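Notes to accompany the following structure.
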Amino acid sequence: MASTPEFVRYVCEQIAGAGAVRYRKMFGEYLIYVDERPAVLVIENTAYVKCLPVLEDLALETGHPFPDGPAYYVLDIDKAEQCRDAAARVAAVTPLPKQRRRKRSEGTP
């Protein structure tokens, strides 16, 4: 079951204030960006953040958004302050994604 757009918008509302928040649909699920940095993964209406050292003191539960994949922290999205703090911390230590170069079509310089 894929995440609903309503849930994704709710997550964005809960982390508002962590920075500039936007989301993008990817592979049927969603990735939420904070200040243009990938911060929160939403899969099956559950919000996840990477297990990073800057989040250890928040005592978040862990879960596996992907079968056989690494563990991620699970956000209790109803705890807005904790979610906003986690999203801001993740964005602070995550580099900006590299810009993809467009492929030139044949015959163009």
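Excluded from the calculations below are hydrogen atoms, water molecules and symmetry mates; all remaining heavy atoms, backbone and side chain alike, are included. These figures come from a predicted structure and were not determined experimentally.
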Smallest separation among heavy atoms of C12 and I32, with atom names: SG-CD1, 3.9 Å
ring-ring contact (aromatic ring centres under 6.0 Å, His included) contacts in which one or both residues fall within residues 14-63, not counting sequence neighbours: Y23-Y30
Closest approach of I43 to S3 (non-hydrogen atoms, all atoms of both residues): C-OG, 3.5 Å
For a quick test of your reading: what N or O donor-acceptor pairs under 3.5 Å do the side chains of residues 72-83 make, sequence neighbours left out?
unit_1, atom_1, unit_2, atom_2, d
D76, OD1, D78, N, 3.3
D78, OD1, Y10, OH, 2.8
Q82, NE2, L58, O, 3.4

Within one Ile-Leu-Val-Met-Phe-Trp-Tyr cluster: M26 and V11, side-chain cutoff 4.5 Å: no
Contacts of type salt bridge (charged side-chain N to carboxylate O under 4.0 Å, His left out), residue E13, not counting sequence neighbours: none
Under 3.5 Å donor-acceptor, Q14 side chain and R84 backbone: no
Closest heavy-atom pair and its distance - A16, V21: CA-CG2, 4.5 Å
Nearest-0.5 Å distance that lies between atom CD in E36 and atom OG1 in T94: 13.0 Å
same_hphob_cluster(L52, L41) at 4.5 Å side-chain heavy-atom cutoff: no
Closest non-hydrogen atom pair, P38 against P95: CD-O, 4.4 Å
Nearest-0.5 Å distance that lies between atom CD in E56 and atom CZ in R89: 10.5 Å
Cluster overlap I15 with F7, hydrophobic side-chain contacts below 4.5 Å: yes
Nearest non-hydrogen partners of G28 and A2, listed with the distance: O-CB, 3.5 Å
Full working for side-chain contact (heavy atoms from CB on, under 4.5 Å) between V34 and V90: CA-CA 9 Å; V34 175; V90 169; over 6 Å; no
Nearest heavy atoms of A39 and V49, plus distance in Å: O-CG1, 3.4 Å
Between CD on residue E6 and OG1 on residue T4, distance to nearest 0.5 Å: 5.0 Å
Side-chain (R37) to main-chain (A92) donor-acceptor, under 3.5 angstrom: no
D35 (side chain) donor-acceptor with A20 (main chain) under 3.5 angstrom: yes
